[in-house]
Amino acid sequence: MRIGIGYDAHRLVENRKLILGGIEIPYIKGLLGHSDADVLTHAVIDALLGAINYGSIGDLFPDTDAKYKNISSLVLLEKVVEMLEDRQYSIINIDSVIIAQEPKLKPYIYAIRKSLADSLKISESQVSVKATTTEKMGFEGRKEGISTQSIVLLSCS
């Protein structure tokens, strides 16, 4: 068994889409980044890479490489899933939390879980996604950005 943890944070800005777990969330701002800036998927990727001791998302998909400009983070996640399969690892479960004062994410949690599960080739029951606020403290509380944390448990065949 292997455990990995991932974290990501991005700034909220105007004129960008807000993508979380591959799902577009209606909101007045989106996240700034080289790719689609999907902080949830980035944290999941880092958790998976950490569990297999393969560095970080920035090592594998650097923001200096033009081929990753505006790429869907689900495409990157699917490449990481291929790496896991090649190394004979399987996902037991993933637990994630999105930290954002706004928007309210409860209506989108099921779609986010399904999107991630589909990309990960696992059951929705193996993917937990929660959302919380910081009670208006910190950059998330001031609505300057969104952060996420993810932890993953893997088994090896």
Side-chain angles (χ1 to χ4, degrees), residues 2-52 54-63 68-81 84 91-154:
R2 305 290 299 245
I3 296 172
I5 188 167
Y7 172 83
D8 197 26
H10 284 269
R11 179 178 303 277
L12 282 164
V13 296
E14 294 182 3
N15 300 315
R16 288 277 297 195
K17 292 180 181 179
L18 177 57
I19 309 292
L20 295 170
I23 300 299
E24 185 174 341
I25 309 297
Y27 191 56
I28 57 173
K29 293 182 178 180
L31 295 168
L32 181 62
H34 184 70
S35 65
D36 61 3
D38 182 341
V39 291
L40 175 58
T41 302
H42 292 182
V44 170
I45 289 171
D46 266 347
L48 292 167
L49 293 174
I52 62 171
Y54 208 85
S56 71
I57 189 172
D59 297 328
L60 206 55
F61 310 110
D63 63 5
Y68 302 121
K69 180 75 173 159
N70 296 320
I71 194 169
S72 166
S73 295
L74 293 181
V75 171
L76 306 179
L77 181 60
E78 289 166 3
K79 291 181 182 195
V80 172
V81 169
L84 294 175
I91 298 168
I92 295 175
N93 74 303
I94 293 178
D95 187 19
S96 301
V97 61
I98 304 165
I99 302 118
Q101 196 65 39
E102 287 183 358
K104 296 299 181 194
L105 297 172
K106 187 173 183 176
Y108 308 100
I109 294 295
Y110 176 78
I112 291 169
R113 286 180 55 221
K114 180 169 178 10
S115 173
L116 288 173
D118 289 349
S119 292
L120 292 161
K121 301 179 186 176
I122 60 176
S123 165
E124 293 161 40
S125 67
Q126 294 170 272
V127 180
S128 170
V129 176
K130 305 170 294 293
T132 191
T133 71
T134 59
E135 301 296 330
K136 301 183 180 176
M137 297 181 295
F139 73 90
E140 300 101 335
R142 290 188 302 269
K143 305 175 199 169
E144 296 170 4
I146 294 176
S147 69
T148 59
Q149 297 177 22
S150 294
I151 190 164
V152 63
L153 178 61
L154 304 180

>> How close do L154 and A51 get, counting heavy atoms only, and between which atoms?
In response: CD1-CB, 3.5 Å
> Looking only at heavy atoms, what is the nearest atom pair of S72 and D36, with distance?
Replying inline: CA-OD2, 3.4 Å
>> Please tell me whether H42 and D8 have a donor and an acceptor in their side chains that are separated by less than 3.5 angstrom.
In response: yes
>> For I3, give me all partners under side chain to side chain contact (heavy atoms under 4.5 Å, CB included), at least two apart in sequence or on another chain.
In response: I151, L153
> Would S119 and V81 count as a side chain to side chain contact (heavy atoms under 4.5 Å, CB included) if you check the C-alpha gap in whole Å, the side-chain angles of each, and the deciding distance to 0.1 Å?
Replying inline: CA-CA 8 Å; S119 292; V81 169; over 6 Å; no
>> side chain to side chain contact (heavy atoms under 4.5 Å, CB included) for L40 and S150? Distances and angles first, verdict last.
In response: CA-CA 8 Å; L40 175 58; S150 294; 4.2 Å; yes
>> For a side chain to side chain contact (heavy atoms under 4.5 Å, CB included) check, start with the C-alpha distance between L116 and T41, then their side-chain angles and the critical distance, and finish with the verdict.
In response: CA-CA 8 Å; L116 288 173; T41 302; 3.7 Å; yes
> Which distance, rounded to the nearest 0.5 Å, do you find between the CG of D38 and the CG of L18?
Replying inline: 8.5 Å
>> So, using ring pair (Phe, Tyr, Trp, His ring centres under 6.0 Å) as the criterion, who are the partners of Y108 when residues are at least two apart?
In response: none
>> side chain to side chain contact (heavy atoms under 4.5 Å, CB included) for T148 and H10? Distances and angles first, verdict last.
In response: CA-CA 9 Å; T148 59; H10 284 269; over 6 Å; no
> Taking only residues two or more places apart in sequence or in another chain, which ones pass side chain to side chain contact (heavy atoms under 4.5 Å, CB included) with Q149?
Replying inline: Y7, V97, I99
> What is the distance from atom CG of L105 to atom CG of L20, rounded to the nearest 0.5 Å?
Replying inline: 6.0 Å
>> Quick check against the 3.5 Å criterion: does R11 have a side-chain atom that pairs as donor or acceptor with the backbone of G145?
In response: no
> Minimum heavy-atom separation for T133 to A100, with atom names?
Replying inline: CG2-O, 3.5 Å
> Counting distance only, does the side-chain N/O of R2 pair as donor-acceptor with the main-chain N or O of I52 below 3.5 Å?
Replying inline: no
> Between G55 and D59, which heavy-atom pair has the shortest distance, and what is it?
Replying inline: CA-OD2, 3.4 Å
> Side chains of L77 and L120: does their closest heavy-atom pair fall under 4.5 Å?
Replying inline: yes
>> If you compare all heavy atoms of A9 against all heavy atoms of V39, which two are closest, and at what distance to 0.1 Å?
In response: C-CG1, 3.9 Å
> Counting only heavy atoms not in Y54, do more than 12 sit closer than 6.0 Å to its OH atom?
Replying inline: no
>> Given 3.5 Å as the limit, does a donor-acceptor pair link the side chain of Q101 with the main chain of K136, or not?
In response: yes
> For the atom pair CG (L60) and CG (L76), what is the distance rounded to the nearest 0.5 Å?
Replying inline: 8.5 Å
> Which residue, D95, N93, I122, forms the side chain to side chain contact (heavy atoms under 4.5 Å, CB included) with V127?
Replying inline: I122
>> Looking at N70, I want to see if its CG is surrounded by more than 12 non-hydrogen atoms of other residues, nucleotides or ligands under 6.0 Å.
In response: yes
> How about I98 and V129: do any of their side-chain heavy atoms sit closer than 4.5 Å?
Replying inline: yes
>> Going by the rule side chain to side chain contact (heavy atoms under 4.5 Å, CB included), which residues pair with D46 if we only count those two or more places apart in sequence or in a different chain?
In response: L49, S56, I57
>> Just verifying a value: how many Å separate K104 NZ and K106 NZ, rounded to the nearest 0.5 Å?
In response: 11.5 Å
>> Looking at every heavy atom in both I45 and S73, which two are closest together, and how far apart are they?
In response: CD1-O, 3.9 Å
> Heavy-atom distance under 4.5 Å between the side chains of Y110 and E124, does that happen here?
Replying inline: yes
Side-chain atoms of residues 22-30: list all donor-acceptor pairs with protein atoms under 3.5 Å, sequence neighbours left out, distances to 0.1 Å.
unit_1	atom_1	unit_2	atom_2	d
Y27	OH	E102	OE1	2.9

> What residues form a side-chain hydrogen bond (donor to acceptor under 3.5 Å, both in side chains) with S123, not counting sequence neighbours?
Replying inline: S125
>> Can you tell me if K130 has over 12 outside heavy atoms packed within less than 6.0 Å of its NZ?
In response: yes
> If you measure from CD on E14 to CZ on R16, what distance do you get to the nearest 0.5 Å?
Replying inline: 13.5 Å
